[in-house]
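Presented below is the structure to which this report refers.
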Amino acid sequence: MMPRLSIQLIFATWILPFVLGQNLLEIYKAMMADQASRAKTPPINIEFFGESLCPDTTRYFRNHIMPVWTSLQASSTINITYHPFGLASCRRSAETGIRCNCQHGPAECQLNMLQACVISTLQVPQLYLPIVNCMQGKNKFSSAVDDCIVNFRPRPDLDENFMARCAQSQLGAKLMMQHGYRQKEVASELDWVPWILINGRRSQAAENQLKTIVCQFSETSKQEYCKTQEELIF
Ligand SMILES: *[C@@H]1O[C@H](CO)[C@@H](O)[C@H](O)[C@H]1NC(C)=O
């Protein structure tokens with residue numbers, strides 16, 4: 001198991017980005033870095049944790065994350081990162097490799113892993129969020145792949161076969177486990193999802209009024225989006 005895993009990881013880290021269009025990714029990163037350096041203040045960091053088959057996480061993506069992201073991402077005032085893990089657990093053993101259990105069963109682990117593979121491949125939230133959002137809540141693995149990669153095609157360089165294989169292999173498990181490590185590091189008391197950190201601190205208020213919370217910062221309050229009416233609270 002282990003040597004094979006290492007080869008897969010080397011593939012993911014060094015070869016895959018190259019195959020999938022390193023140029024595009026590099027251009028995009030340079031663009032974001034340039035935007036960030038021109039912005040006078042660092043972005044508001046929104047880091048959140050959820051589960052692919054959890055209805056509350058799905059609602060959070062649709063009603064809070066995506067509207068805020070769509071409206072503010074171009075202004076470079078926010079930085080949203082997502083971790084598919086939540087109330088899951090993973091164990092590693094010599095015989096079986098990495099095995100994970102998810103709150104909503106094996107189908108959730110599969111979908112979390114698919115999201116983790118997309119996140120790892122595209123790296124930049126601006127690139128991965130629409131795809132991860134599309135996959136969120138899908139009952140069937142195959143429709144997550146078909147609807148969110150094959151038909152949606154938000155990225156011409158994202159390969160559906162590699163993503164599916166990644167999600168169903170030790171690489172997917174390893175990538176999901178890494179989200180678990182991050183969660184343990186910055187949200188160790190998590191007992192509920194979605195769990196939201198704003199600039200590193202948990203914000204319970206952001207669970208049902210993300211826009212209001214984000215628009216309280218001076219960087220965002222001048223944005224047109226923040227001048228419009230309050231969001232629905234649910
Ligand atoms: C965005 O957030 C991630 C995770 O918190 C962090 O690693 C990254 O440095 C942040 N980017 C910026 C430009 O602040």
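The basis for the numbers below is simple: all heavy atoms, side chains too, and nothing from hydrogens, waters or symmetry mates. Read the numbers this way: they start at 1 and go in the same order the structure lists the ligands and their atoms.
- Cys100 has its SG atom at least 2.5 Å from the SG atom of Cys109.
- Proximity to Thr81 (heavy-atom distance under 4.0 Å) selects the following atoms of ligand 1: 2 (O), 3 (C), 4 (C).
- Neither the backbone nor the side chain of Pro42 comes within 4.0 Å of ligand 1, counting heavy atoms alone.
- Distances below 4.0 Å separate heavy atoms of Glu47 from the following atoms of ligand 1: 5 (O).
- Looking at Asn79, Leu197, Val124 and measuring to atom 6 (C) of ligand 1, the nearest heavy atom belongs to Asn79.
- A salt bridge links Arg202 to Glu207: one of the charged nitrogens lies within less than 4.0 Å of a carboxylate oxygen.
- For the residue pair Ser120 / Lys174, no side-chain donor-acceptor distance below 3.5 Å is found, with atom types taken as modelled.
- Between Phe85 and Tyr181, a ring centre-to-centre spacing not shorter than 6.0 Å is recorded.
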